[in-house]
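Just below is one structure, and these are the notes that go with it.
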Amino acid sequence: QVQLVESGGGLVQAGGSLRLSCAASGRTFSSFAMGWFRQAPGKEREFVGGISGRGGTAYYADSVKGRFTISRDNAKNTVYLQMNSLKPEDTAVYYCALQREPYALGSRETQFGSWGQGTQVTVSS
């Protein structure tokens with residue numbers, strides 16, 4: 001399957017911004033959506049947002065709506081997560097994943113495969 005590698009995480013103060021990247025190996029099909037998930041210590045992995053295969057439609061969890069923006073550049077096999085107005089509760093390991101079914105826009109873990117290893121985002125007060 002496609003190999004995904006996240007990068008761009010780090011330590012940032014509340015109110016700051018970070019941009020995460022998810023690079024995919026080889027070619028990716030534009031018919032497959034990509035999703036971002038996160039997992040905080042002691043909590044379940046949760047859906048952050050997703051983007052359709054060609055990037056025309058992006059959708060988000062209520063907790064990040066208006067603050068986070070997902071985009072993709074299929075020519076570079078890369079998906080981005082722009083995070084603005086960060087809050088301490090955004091602290092988590094962030095993962096990107098490939099939607100299993102073509103033309104689907106999922107928000108559940110089971111709908112995605114080819115998970116990356118994650119990148120740590122820490123937001124301080």
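Since this is a predicted model, take the numbers as computed values, not measurements. FYI, the numbering just counts along the sequence from 1.
In this structure, Phe32 and Val2 have side chains that are not in contact, with every pair of non-hydrogen atoms separated by 4.5 Å or more. By the 4.5 Å heavy-atom criterion applied to side chains, Ile51 and Val79 are counted as neighbours. Put simply, the side chain of Cys96 reaches to within 4.5 Å of the side chain of Leu4, judged on heavy atoms. Looking at Ser63 and Arg38, their side chains come closer than 4.5 Å, going by heavy atoms from C-beta outward. Here the side chains of Glu109 and Arg45 are in contact, with some heavy-atom distance below 4.5 Å. The shortest distance between side-chain heavy atoms of Thr78 and Cys22 does not fall below 4.5 Å.
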Residues Glu6, Tyr95; criterion side-chain contact (heavy atoms from CB on, under 4.5 Å); working and verdict: CA-CA 7 Å; Glu6 302 93 339; Tyr95 302 87; 3.8 Å; yes
Working for side-chain contact (heavy atoms from CB on, under 4.5 Å), residues Ser71 and Gln82: CA-CA 8 Å; Ser71 61; Gln82 178 67 48; over 6 Å; no
side-chain contact (heavy atoms from CB on, under 4.5 Å) between Val121 and Thr91, intermediate numbers included: CA-CA 5 Å; Val121 172; Thr91 295; 5.9 Å; no
Pair Tyr59-Phe47, side-chain contact (heavy atoms from CB on, under 4.5 Å): steps then yes or no: CA-CA 10 Å; Tyr59 52 106; Phe47 174 75; 3.4 Å; yes
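Note: Met83 CE to Asp90 CG = 7.5 Å, rounded to the nearest 0.5 Å. Between the CG atom of Leu18 and the OG1 atom of Thr122 there is a distance of 9.5 Å, given to the nearest 0.5 Å. Summarising the geometry, atom CZ belonging to Arg54 is positioned 7.5 Å from atom OG belonging to Ser31; distances are rounded to the nearest 0.5 Å. Interatomic distance, Met34 CE to Gln99 CD, rounded to the nearest 0.5 Å: 10.5 Å. The OG atom of Ser17 lies 3.5 Å from the CG atom of Asn84; values are rounded to the nearest 0.5 Å. Summarising the geometry, atom CZ belonging to Arg108 is positioned 13.0 Å from atom CZ belonging to Arg100; distances are rounded to the nearest 0.5 Å.
Between Phe37 and Trp115, the ring planes lie tilted relative to each other; the angle falls in the 30° to 60° range. Ring geometry, Phe68 versus Tyr94: the interplanar angle falls from 30° to 60°, so the pair is classed tilted.
Checking side-chain atoms of Thr119 against main-chain N and O of Gly9 turns up a donor-acceptor pair under 3.5 Å.
Here Asp62 pairs with Lys65 in a salt bridge; the nearest charged N to carboxylate O distance falls below 4.0 Å.
With hydrophobic clusters built from ILVMFWY side chains whose heavy atoms lie under 4.5 angstrom apart, Val5 does not share a cluster with Val48. Leu81 and Val64 end up in the same hydrophobic cluster when Ile, Leu, Val, Met, Phe, Trp and Tyr side chains are linked at under 4.5 Å.
Enclosure of atom CD in Glu101 is not indicated, since only 12 or fewer non-hydrogen atoms of other residues, nucleotides or ligands lie within 6.0 angstrom. By the neighbour-count criterion of 12 heavy atoms within 6.0 Å, atom CD of Glu89 is densely surrounded, having more than that number from other residues, nucleotides or ligands. The environment of Gln117 atom CD is sparse: at most 12 non-hydrogen atoms of other residues, nucleotides or ligands sit within 6.0 angstrom.
Put simply, the residue from Ile70, Leu20, Asp73 that forms a side-chain contact (heavy atoms from CB on, under 4.5 Å) with Tyr80 is Asp73.
A pairwise comparison of heavy atoms in Ser125 and Ala14 identifies CA-CB, 4.5 Å as the closest pair.
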